[in-house]
Amino acid sequence: MTNPTRSPAVLAGLTLGALGVVYGDIGTSPLYAVREVFHAGHVDPTRDNVLGVLSLIFWSLAIVVSLKYVALVLRASNNGEGGTMALMALASKSTHDKPRVHRALIVMGILGAALFFGDGIITPAISVLSAVEGLEVATPAFKPYVVPITLAVLTALYLVQRHGTGTMGKWFGPITLLWFASIAATGAWWIARNPEVLLALNPFYALRFLLVEGWVALAVLGAVFLAVTGAEALYADMGHFGKSPIRIAWFSIVWPALSINYFGQGALILLDPKAIQNPFFMMVSDTLLYPMVALATVATVIASQATISGTFSVTKQAIQLGYLPRLRILHTSESETGQIYIPSVNWIQYGAVVLAVTMFGSSSALATAYGIAVTATMVLTTLMTFVVLRFDWRYPLAPALAATGFFLIIELVFFASNAIKVLSGGWFTLLVAGAVFTLMLTWKQGRNLLSEELRKSSIDLRSFLDSVFVSPPGRVPGTAVFLTAEADVTPSALLHNLKHNMVLHDRNLFVTVLHHEVPWVPVEKRVEVEALGRDCWKILVNFGFKDDPDVPQAFEQLKGRGIELEEARTSYFLSRDIVVPTIGGGMAPWREKLFANLHRNSSNAAEFLSLPPNRVVELGAQVAI
């Protein structure tokens, strides 16, 4: 039977969907990439320089996007999922026997996620701002209103997040397809007027530019790199669409349209060097300028939406892998589990985006902050891909180095070129990434310290039950579900319940929820049951980092295993530990206080695990770390 996912109609639909979600960021780069190369004044718009820059852009797209991401990285599938956290989980699976490599991968994964949060602030700001700046090309009278209009568009975008993207999402693909068709048509018009720019397809012009310009070329590369920002989305969104639609969209639509538009901008600059002020919008005739500004604004909103949704997704993965505290997560679609909304993340990101727009004031100024987080993420992706090649796929050292070393050299050069911009704006994304990295590392380390302290005072579950049933307490009807972080350890909630209520339920389940370094856990492997005797059971509930942790739903798998649960007669007992920082503990005092605050303000475990609120009993205790 033919696989329905491979049918032409389904493949075309997925390809169109990938256009709207995957390629929004890189697809709107023509708005500012070429302009920033010449805007800084490092190079003059001479024939050799224009051809050299165009050649650099074209071959950067070919090497970084086509070869690295489309040909190589998309193969690093973690059960069909991609992205920094998925790649870290895939790489770390094969390095548990190599502690140093494993620890390095954990740090790289956390750092990659932190850099993504930094990039997620700049992308909406620079994209929408660069689109609205097209109004200045129509008339300078619009200049004072560019920032207010940008903030209004961004405010509306973040306000609608709580409603989800289901209704709007179906338009993302067609609108983005119209965007690529428009920029390709505009570029083709100017290439026809000055076909000489097609000489830049020869990499000789790129090499000559680098050799002639020397150190100046390093600064120029920081602007050239803007043309490939957004490439990480190809891998991050692999789980939504699959490899084939992403590859088809890139080679048949996105890469040709981008190249034609970049070459069209080059043709215009050669004919009119003054066009370097804003070559993208100056390519457009006066009649079509306002419609193009409107289309560009919509395209950048779609690109920003993909970034915001990606931030929600990464946050959820980080929470379930234990790198961030529990946050309130709302599902915005009854049919699509991947469509989520995290209120706290949405408004924190909105505040940071507004700060970036008002502080930098223009897309040119924001361009100095853009790039360093993306290049650092790309370097980390390459390093983790090497680990996958070497230790998971068992490639010999030489082929693994050859497959990744070439890209690593190029990305390190790009990283150096963007590092030059740290003082002029790059510090902003590094500051955001540094704050998130510290938060994630503190939470992970604090959780480990908390677990160690709890284990010190823990009592073996089997031994405790044996002692309890020597002189058993009174049994009451119903089922008690005791949630415990450590299997085989007596939950403190059970100890408190026996101490204060002096009763035991007829049926007792000791449940440990485990989050694994895989995206999905099959339903048939969701629950593991071990009988402890006397109507007591130890149960392990397994979730992947993209699963929705729904414990009552997982309990449906208990039917037929001798455990029949009645919702109205089932109570869930949770331990609510209060962390007390102590001097001379495992972390610096300020980090212990930070962890204690995060732990206290984290979302309720009952809500996170989808427990029925009217059936939950929380019993707390203080734990010093």
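These numbers were taken from a predicted model, which means no experiment stands behind them.
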Check: Can you check whether V22's main-chain N or O pairs, donor with acceptor, with D237's side chain at less than 3.5 Å?
Finding: no
Checklist line | Main-chain N/O of I246 paired to Y23 side chain as donor or acceptor, under 3.5 Å | finding: yes
Which side-chain N or O atoms in residues 272-282 pair as donor and acceptor under 3.5 Å with protein atoms at least two apart or in another chain?
{"from": "D272", "atom 1": "OD1", "to": "K274", "atom 2": "N", "distance (Å)": "3.3"}

Checklist line | Side-chain donor or acceptor of E411 paired with backbone N/O of T382 under 3.5 Å | finding: no
Note to self: So for atom CZ, which belongs to F251, do other residues, nucleotides or ligands contribute more than 12 heavy atoms lying within a distance under 6.0 Å?
What the structure shows: yes
Item checked: Side-chain (T123) to main-chain (G120) donor-acceptor, under 3.5 angstrom -> no
Next item on the list: Just do the side chain to side chain donor-acceptor pair (under 3.5 Å) check on T377 and E232 with the steps written out, would you?
Entry: CA-CA 8 Å; T377 304; E232 279 283 324; over 6 Å; no
Margin query: Quick check against the 3.5 Å criterion: does K421 have a side-chain atom that pairs as donor or acceptor with the backbone of A367?
Written below: yes
Hey, can you pull the donor-acceptor pairs under 3.5 Å for the side chains in residues 216-228, sequence neighbours left out?
none

Next item on the list: Looking only at non-hydrogen atoms, find the nearest pair between A18 and F241 and report the distance.
Entry: N-CE2, 3.5 Å
Next item on the list: Give a yes or no answer on whether the side chain of T429 reaches the backbone of A369 with a donor-acceptor pair at less than 3.5 Å.
Entry: yes
Check: Is there a donor-acceptor pair closer than 3.5 Å between any side-chain N or O of T300 and the backbone N or O of A296?
Finding: yes
Checklist line | Pairing residues for A206 by the side-chain contact (heavy atoms from CB on, under 4.5 Å) criterion, not counting sequence neighbours | finding: S55, L56
Notebook entry, point to check: Minimum heavy-atom separation for S364 to E36, with atom names?
Noted result: OG-OE2, 2.7 Å
Scan the side chains in residues 193-201 for donor-acceptor partners under 3.5 Å anywhere in the protein, sequence neighbours excluded, and list what turns up.
{"from": "E196", "atom 1": "OE2", "to": "R47", "atom 2": "NE", "distance (Å)": "2.4"}
{"from": "E196", "atom 1": "OE2", "to": "R47", "atom 2": "NH2", "distance (Å)": "3.1"}

Check: Should the pair W347 and Y158 be assigned to parallel (<30°), tilted (30 to 60°) or perpendicular (>60°) ring geometry?
Finding: tilted
Next item on the list: List in chain and number order the residues that pass side-chain contact (heavy atoms from CB on, under 4.5 Å) with A303, two or more places apart in sequence or in another chain; answer none if no residue qualifies.
Entry: T28
Notebook entry, point to check: What's the shortest heavy-atom distance between L87 and A76, and which atoms?
Noted result: CD1-CB, 4.0 Å
Item checked: N/O donor-acceptor pair under 3.5 Å between R390 side chain and Y395 backbone -> yes
Next item on the list: Please state whether the rings of F58 and F263 are parallel, tilted or perpendicular, taking 30° and 60° as the class boundaries.
Entry: perpendicular
Next item on the list: Identify the two heavy atoms, one from V64 and one from Y69, that lie closest to each other, and give their separation to 0.1 Å.
Entry: O-CD1, 3.1 Å
Note to self: Tell me if the aromatic rings of F428 and F360 count as close, with their centers under 6.0 Å from one another.
What the structure shows: yes
Item checked: Sequence-distant partners of T155, side-chain hydrogen bond (donor to acceptor under 3.5 Å, both in side chains), two or more places apart -> Y350
Notebook entry, point to check: Taking the side chain from S417 and the backbone from F414, do they hold a donor-acceptor pair closer than 3.5 Å?
Noted result: yes
Notebook entry, point to check: Donor-acceptor pair, Y205 side chain versus L54 backbone, under 3.5 Å?
Noted result: no
